[in-house]
Amino acid sequence: MEVEQVLHMNGGDGKISYANHSLLQASVSRSVISTVKPIVDASLEELCSTLFPECLKVADLGCSSGPNTLLVVSGIIENIRNIFRKLNLPPPSLQAFLNDLPWNDFNTVFRLLPGFYKKLHEENGNKSGSCFIAAMPGSFYGRLFPDNSLHFVHSSYALMWISEVPKGLVTEGGEGLNKGNIYISNTSSPAVFNEYFEQFKRDFTVFLRSRAHELVPGGSMVLTTMGSIKSNHPLSIWEFVGLKLHDMVLDGLIEEDKLDTFNLPYYAPTTDEVKEVIEAEGSFTLQTLEAFRNDWDSYIKQANSDLDKKARAAILSTDIRAVGEPVLASQFGEEAMDDLFRRFEEDVLDHMEKEKCQFINLVISLTKKR
């Protein structure tokens, strides 16, 4: 499996596209934006008050596609306007780079830009500097920008997707080490956890080292990602997807070998694991590292408190499908997806309540050492 080719959301604007079913990302993004706003404000205020850039250059890494993509840029523009109002200075222009893998649906993003620019002008007029948005396709597990060219880097719910499936999870003879699962679960061996953890450490180190080259001294990053309390038993929603795939194997609908040799390129670290890699890499000062939890369906309740359990399960199923279908269909086939997510919908909230499953969200604020 070539991760860069299949690791993207469902594109376009169809029935199960990410653009039409990104309530999860929208609700979580707004929640996270409000949670990290003081952190972002502090980072940008320190940056702007010491460097006074005429053009503030920012990058949103793992931007995906759909209407949520531009939420981050909108928030940064508002932050900058408020900061420079307090400084009694005219705001700088903003150059924002939207990054994701080359197979991301950038065309959907580009079609949103005329409306975004129009709304920006109507709301702000000349109160904010000029804004220029461009795409930068490529993996953030490597260099994307010239040396010392960025002031601020943001990433929201992208870093849990690692660069590749750990090679040691399938032996040279083709035998799966994590049989019956697609991610770390309570039946996975310590060897499976170690393979994932070592891959995370390699990837996050490369990510930090790359951004250290690209950020100016004193530049900052705010990163949000899925995490876990116990990374060797994370109670991930993807573990539950694996349980439904295993049921389909038992029913003769999926070949057992296909499940036994498939693993998601995904890792949800603990706060201690994040700290370990940051300290070992050495280019950044850790300013803030916070974790917060919510139930798998809490974002749906927040959006519409009148929905019953069945309706919430249907929305959750569709949202997870919009995120995971491309990579899952590459192994199990498009024809299996309807049945898989029907089974997911039927049982997901019962499983969540029984196992007390929650999303663990990590917010990480870093400053490049001068």
Side-chain angles (χ1 to χ4, degrees), residues 9-10 15-36 62 64-69 71 156-161 181-186 224-231 233-248 264 266-270 290-328 337-363:
M9 310 301 111
N10 274 338
K15 183 179 178 181
I16 55 172
S17 68
Y18 182 74
N20 274 344
H21 291 283
S22 48
L23 178 61
L24 169 60
Q25 186 75 359
S27 299
V28 173
S29 291
R30 291 188 180 95
S31 174
V32 170
I33 286 172
S34 64
T35 301
V36 306
S64 191
S65 60
N68 303 326
T69 301
L71 282 175
S156 183
Y157 297 102
L159 278 168
M160 64 271 195
W161 297 105
N181 302 303
I182 64 171
Y183 182 52
I184 301 168
S185 77
N186 62 346
T224 59
T225 186
M226 288 298 184
S228 58
I229 302 302
K230 296 181 179 179
S231 52
H233 187 199
L235 293 174
S236 167
I237 201 165
W238 299 109
E239 178 184 352
F240 181 70
V241 173
L243 292 175
K244 297 298 100 179
L245 286 165
H246 185 259
D247 289 345
M248 293 175 72
L264 278 178
Y266 181 96
Y267 187 77
T270 66
E290 297 181 2
F292 60 97
R293 311 181 185 200
N294 45 31
D295 292 339
W296 286 354
D297 64 341
S298 63
Y299 72 97
I300 305 172
K301 293 178 182 177
Q302 291 168 7
N304 188 342
S305 60
D306 294 331
L307 293 175
D308 62 17
K309 185 176 179 179
K310 183 177 180 181
R312 296 196 308 274
I315 293 172
L316 180 58
S317 177
T318 306
D319 284 348
I320 295 299
R321 180 172 182 171
V323 172
E325 183 170 38
V327 66
L328 293 168
M337 295 298 101
D338 285 347
D339 192 7
L340 170 61
F341 286 98
R342 177 189 60 78
R343 293 166 182 255
F344 178 98
E345 180 181 330
E346 287 176 353
D347 300 331
V348 62
L349 294 186
D350 288 339
H351 176 85
M352 180 196 75
E353 292 167 357
K354 179 182 177 183
E355 300 295 334
K356 297 180 174 57
C357 299
Q358 292 183 307
F359 290 126
I360 310 299
N361 309 269
L362 305 184
V363 183

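Computation of the quantities below employed the complete heavy-atom set of this structure, encompassing side-chain atoms and omitting hydrogens, waters and symmetry-equivalent molecules.
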Out of curiosity, Asn304 CG to Ile315 CD1, how far, rounded to the nearest 0.5 Å? 7.0 Å
Taking the side chain as C-beta and beyond, is there a heavy-atom pair between Phe292 and Val363 under 4.5 Å? yes
Pair Asn361, Met226 - check side chain to side chain contact (heavy atoms under 4.5 Å, CB included), show working. CA-CA 5 Å; Asn361 309 269; Met226 288 298 184; 3.9 Å; yes
Looking at Val323 and Trp161, what are the two nearest heavy atoms and their distance? CG1-CZ2, 4.0 Å
Which distance, rounded to the nearest 0.5 Å, do you find between the CG of Leu362 and the OH of Tyr157? 8.5 Å
Set of residues satisfying ring-ring contact (aromatic ring centres under 6.0 Å, His included) with respect to His351, sequence neighbours excluded: Phe240
Please determine whether a side-chain nitrogen of the Lys or Arg among Arg342 and Asp338 lies less than 4.0 Å from a carboxylate oxygen of the Asp or Glu. no
Is there a side-chain contact between Ile229 and Arg293, using heavy atoms and a 4.5 Å cut-off? yes
Flag the pair Arg321 / Phe344 as yes when at least one side-chain heavy-atom distance between them is below 4.5 Å, and no otherwise. no
Could you check whether any side-chain heavy atom of Ile237 comes within less than 4.5 Å of a side-chain heavy atom of Leu316, counting everything from C-beta outward? yes
Only one of Ser228, Ser231, Ser236 forms a side-chain hydrogen bond (donor to acceptor under 3.5 Å, both in side chains) with Tyr267, so which one is it? Ser231
Taking atom NZ of Lys301 as the centre, does the number of heavy atoms from other residues, nucleotides or ligands within less than 6.0 Å exceed 12? yes
Side-chain donor-acceptor pairs of residues 306-313 under 3.5 Å, sequence neighbours excluded:
residue: Asp308; atom: OD1; partner: Lys310; partner atom: N; Å: 3.3
residue: Asp308; atom: OD1; partner: Ala311; partner atom: N; Å: 2.8
residue: Lys309; atom: NZ; partner: Asp350; partner atom: OD1; Å: 2.5
residue: Lys309; atom: NZ; partner: Glu353; partner atom: OE1; Å: 3.2
residue: Arg312; atom: NE; partner: Asp297; partner atom: OD2; Å: 2.8
residue: Arg312; atom: NH1; partner: Leu307; partner atom: O; Å: 3.1
residue: Arg312; atom: NH2; partner: Asp297; partner atom: OD2; Å: 3.4

Let me confirm one number: the CD-CG distance from Gln358 to Asn294, rounded to the nearest 0.5 Å. 7.5 Å
Distance check, rounded to the nearest 0.5 Å: Ile182 atom CD1 versus Leu264 atom CG? 4.5 Å
Just do the side chain to side chain contact (heavy atoms under 4.5 Å, CB included) check on Leu340 and Leu245 with the steps written out, would you? CA-CA 7 Å; Leu340 170 61; Leu245 286 165; 3.9 Å; yes
Just so I know, are the side chains of Glu239 and Asn186 near enough to count as touching, which here means a heavy-atom distance under 4.5 Å? yes
Taking it one step at a time, do Phe341 and Leu328 satisfy side chain to side chain contact (heavy atoms under 4.5 Å, CB included)? CA-CA 11 Å; Phe341 286 98; Leu328 293 168; 3.9 Å; yes
To the closest 0.5 Å, what do you measure between OG1 (Thr318) and CD (Glu325)? 10.5 Å
Which heavy atom of Cys357 sits nearest to which heavy atom of Trp296, and what is that distance? CB-CZ2, 3.3 Å
Please report the closest heavy-atom contact between Glu355 and Leu235, naming both atoms and the distance. O-CD1, 4.0 Å
